[in-house]
Visitor: 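Please read through the structure below; I'll follow up with questions.
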Protein chains: 2
Amino acid sequence: MAEEIGERAQHLLKVLVESYIRNGQPVGSRLLARDSGLDVSAATVRNAMADLEELGMVSSPHTSAGRIPTNKGYRMFVDSLLTVKPLTDREIMTLNDQLGGDGSNQELAASVSDYLAGMTEMAGMVMIPRTAKRSSLRHIEFMPLSDQRILAILVINEKDVQNTVIKVDRQYTTVELQQAANFLNSELVGRELFDVRHRILKELRETKDGMEQMMHQAISMAEQVFEQPASKSNADDFILSGQTRLMGFEELSNMEKLRGLFEAFNEKQEILQLLDSCLGGDGLQIFIGDESGYGVLDECSMVTSSYQVDGEVLGILGVIGPTRMAYERVIPIVDVTAKMVSAALAQSK
Amino acid sequence: MAEEIGERAQHLLKVLVESYIRNGQPVGSRLLARDSGLDVSAATVRNAMADLEELGMVSSPHTSAGRIPTNKGYRMFVDSLLTVKPLTDREIMTLNDQLGGDGSNQELAASVSDYLAGMTEMAGMVMIPRTAKRSSLRHIEFMPLSDQRILAILVINEKDVQNTVIKVDRQYTTVELQQAANFLNSELVGRELFDVRHRILKELRETKDGMEQMMHQAISMAEQVFEQPASKSNADDFILSGQTRLMGFEELSNMEKLRGLFEAFNEKQEILQLLDSCLGGDGLQIFIGDESGYGVLDECSMVTSSYQVDGEVLGILGVIGPTRMAYERVIPIVDVTAKMVSAALAQSK
DNA sequence: GTTTAGCACTCTACTATTGCGAGTGCTAAC
DNA sequence: GTTAGCACTCGCAATAGTAGAGTGCTAAAC
């Protein structure tokens with residue numbers, strides 16, 4: 001079980017995976033012996049294959065087909081055998097162009113997602129977690145709607161706007177709301193959303209005893225606004241593009257599975273959870289096949305990376321594609337993209 | 001060509017289409033003779049089929065399969081042969097529950113789309129055209145962003161909010177923006193967007209000679225805000241749900257076509273154009289197969305209806321599914337839904 | 001003239017059957 | 001430890017045969 005894998009076996013595994021990724025065909029011993037560059041016979045390769053199979057690195061679809069990598073085999077491949085293929089200057093420039101705009105974070109995310117999808121010819125995704133710490137409040141504003149509903153408008157981070165409808169106990173006049181907003185602005189503008197949510201409002205409330213009625217009410221409103229895990233804003237912070245490209249891969253031609261996958265994309269919920277779990281481990285992460293624990297990603301792999309400013313993780317981006325993907329190309333693409341998004345964000349701060 | 005179709009042939013066509021919709025199998029003469037209820041032999045039916053085939057109403061996949069309806073056959077079926085199956089009270093109540101909420105139009109549309117998708121087990125869609133006349137402006141507000149960019153917030157129709165970023169020639173202070181907003185609010189609040197866009201701003205500008213500099217600038221800003229056919233707000237007014245259900249239909253199991261269809265869903269552009277063209281003809285409309293002129297809808301039909309208040313068309317809703325769909329059920333669903341949405345909107349006005 | 005029965009014909013879908021090629025695992029020799 | 005040789009297995013493609021469904025046509029019946 002815990003046996004070591006010989007150097008030659010490792011090399012053979014590497015060549016096998018590369019060949020399989022390229023051609024999508026099970027790799028036989030003869031071909032592998034020739035392509036490996038080693039001066040060994042097919043029979044020797046067969047022995048090595050038998051060992052690798054015992055270790056669960058490869059398997060044969062049937063008796064007389066060659067071997068294909070298992071998920072474990074892919075894992076070993078990406079962990080220690082892979083030689084990545086750096087991006088060309090041209091490719092990096094294209095990315096730079098995409099990042100140039102001065103749109104909102106939403107637009108930036110959409111553009112990055114497109115880039116990832118385009119470069120890898122798979123599906124690209126970008127997540128901007130709602131809990132991002134670097135978001136600071138720039139302005140808050142209330143507007144009366146009909147009945148006892150109030151529209152709250154948050155401007156966050158120079159660029160992003162978020163609307164929330166809250167319900168209150170009575171009707172308020174425009175002037176009252178103006179006062180409430182003034183009060184909240186004076187207390188909250190410039191603060192980070194995370195702090196507002198978790199600390200500041202509580203502090204305010206605790207010192208409320210000596211406060212006017214109005215301020216008290218203002219705090220109640222703010223609590224409603226910031227507490228909402230509003231499904232809407234939740235949905236907006238995950239951008240996926242190029243999903244349809246996944247329909248082109250034979251390994252995903254099973255309609256049942258494909259449908260499950262697309263439903264997961266629509267729900268977003270599961271995928272978001274998975275990405276959330278990436279927020280901790282910084283840098284590049286790879287989920288191969290069902291490693292993620294989500295059945296719908298059975299035949300898929302995800303390559304993700306966090307992007308960050310000043311060492312603080314702001315979000316996750318990456319791609320989804322078939323397990324049999326060109327990792328040596330996809331990995332640097334995701335990696336460089338994450339780094340450049342980080343840089344772009346740091347600059348526009 | 002312009003030959004009349006005999007009564008019996010019509011009846012046979014009706015039974016044939018119904019049978020094919022139910023079973024998805026080509027219908028042979030023997031079966032058709034039995035199911036038609038007529039007291040005729042299979043041979044007679046065969047003669048009638050030969051006539052219908054000549055008229056382009058049916059065709060056979062191959063020599064020894066039965067007949068299936070052509071698009072023209074479906075067209076005749078839905079136009080003059082169909083007997084619709086009214087909704088049960090229970091089904092109507094479900095719809096009523098969905099409409100009960102007091103959310104924004106976006107939320108209402110999403111919920112209606114879900115309902116349509118759920119009831120028909122196909123894809124549901126709801127369009128709220130940007131040009132809807134009944135939208136009246138409730139409030140406008142400016143907020144300075146970095147550089148020379150300004151965030152404009154429009155509150156429309158009690159419920160909906162729209163954000164637009166505009167660029168201006170210099171930096172403005174919060175106070176200046178407040179003044180501009182005040183001016184615009186006094187002039188524009190309560191007006192319909194359509195009027196604002198097409199008339200009022202022009203009138204204001206024409207009488208501007210005697211105006212302050214500030215008002216002049218305010219009008220310029222407003223023009224930017226209202227003129228934008230902003231791709232973003234454009235995308236938001238079309239809601240589609242249950243697309244993945246379409247993957248379950250055999251007639252759409254061709255991956256190429258399916259992919260094309262889903263790409264069209266993502267682009268939205270083509271579909272929106274098509275729906276736009278429904279805005280004119282009021283009431284229920286049906287596109288069968290490629291009648292729409294859009295290749296991606298080849299094997300699909302769309303059943304749509306406009307919804308309206310006080311005789312004014314506000315938008316389009318409907319479903320998309322395979323050409324072989326249960327029209328007698330789908331049509332009343334779409335029809336009733338449109339009527340009830342109309343009623344709900346009239347009520348919440 | 002319309003309707004019907006009869007019949008030869010066509011085409012698909014299903015089921016063996018076969019042969020080929022690829023690749024394996026094992027054994028024995030190097 | 002490595003290699004060559006060899007029997008064996010399996011999938012795949014081609015072929016052929018069969019059964020079933022349904023047609024078109026013709027000639028007779030109404």
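Below, each value reflects all heavy atoms present in this structure, side chains not excepted, and no hydrogens, waters or symmetry copies.
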Visitor: In whole Å, I'd like the distance from the CG atom of Asp35(B) to the P atom of dG22(D).
Guide: 12 Å
Visitor: Does the side chain of Ser41(A) get closer than 4.0 angstrom to OP1 or OP2 of dT3(D) through an N or O atom?
Guide: yes
Visitor: Are Glu18(A) and Lys14(A) within salt-bridge range, i.e. N to O under 4.0 Å?
Guide: yes
Visitor: Report yes or no: does Lys72(A) contribute a side-chain atom to a donor-acceptor pair with the main-chain N or O of Leu55(A) at less than 3.5 Å?
Guide: yes
Visitor: Without swapping roles, check the side chain of Ser60(B) against the backbone of Thr63(B) for a donor-acceptor pair under 3.5 Å.
Guide: no
Visitor: If you pin Ala42(B) and His62(B) to their nearest nucleotides in DNA chain C, which one's is more 5'?
Guide: Ala42(B)
Visitor: For the rings on Phe262(B) and Phe262(A), is their centre-to-centre separation under 6.0 Å?
Guide: yes
Visitor: Does dT2(D) have OP1 or OP2 sitting under 4.0 Å from an N or O in the side chain of Thr44(A)?
Guide: no
Visitor: Distance check: side-chain N/O of Arg8(A) vs OP1/OP2 of dT2(D), anything under 4.0 Å?
Guide: yes
Visitor: Which part of the nucleic acid does Ala43(B) contact within heavy-atom distance under 4.0 Å: base, sugar-phosphate only, or nothing?
Guide: base
Visitor: Rounded to the nearest Å, what distance is computed from the CZ atom of residue Arg46(B) to the P atom of nucleotide dG22(D)?
Guide: 10 Å
Visitor: Please work out which of the three classes, parallel, tilted or perpendicular, describes the rings of Tyr20(B) and Tyr74(B), given edges at 30° and 60°.
Guide: tilted
Visitor: Both Val40(B) and Ser64(B) contact DNA chain C. Which one's nearest nucleotide lies toward the 5' end?
Guide: Val40(B)
Visitor: Quick one: does any side-chain atom of Ser306(B) pair with a main-chain N or O of Gly283(B) as donor and acceptor, under 3.5 Å?
Guide: yes
Visitor: Quick check for you: name the first and last nucleotides of DNA chain C, 5' to 3', having an atom under 4.0 Å from a heavy atom of chain B.
Guide: dT3(C) to dT12(C)
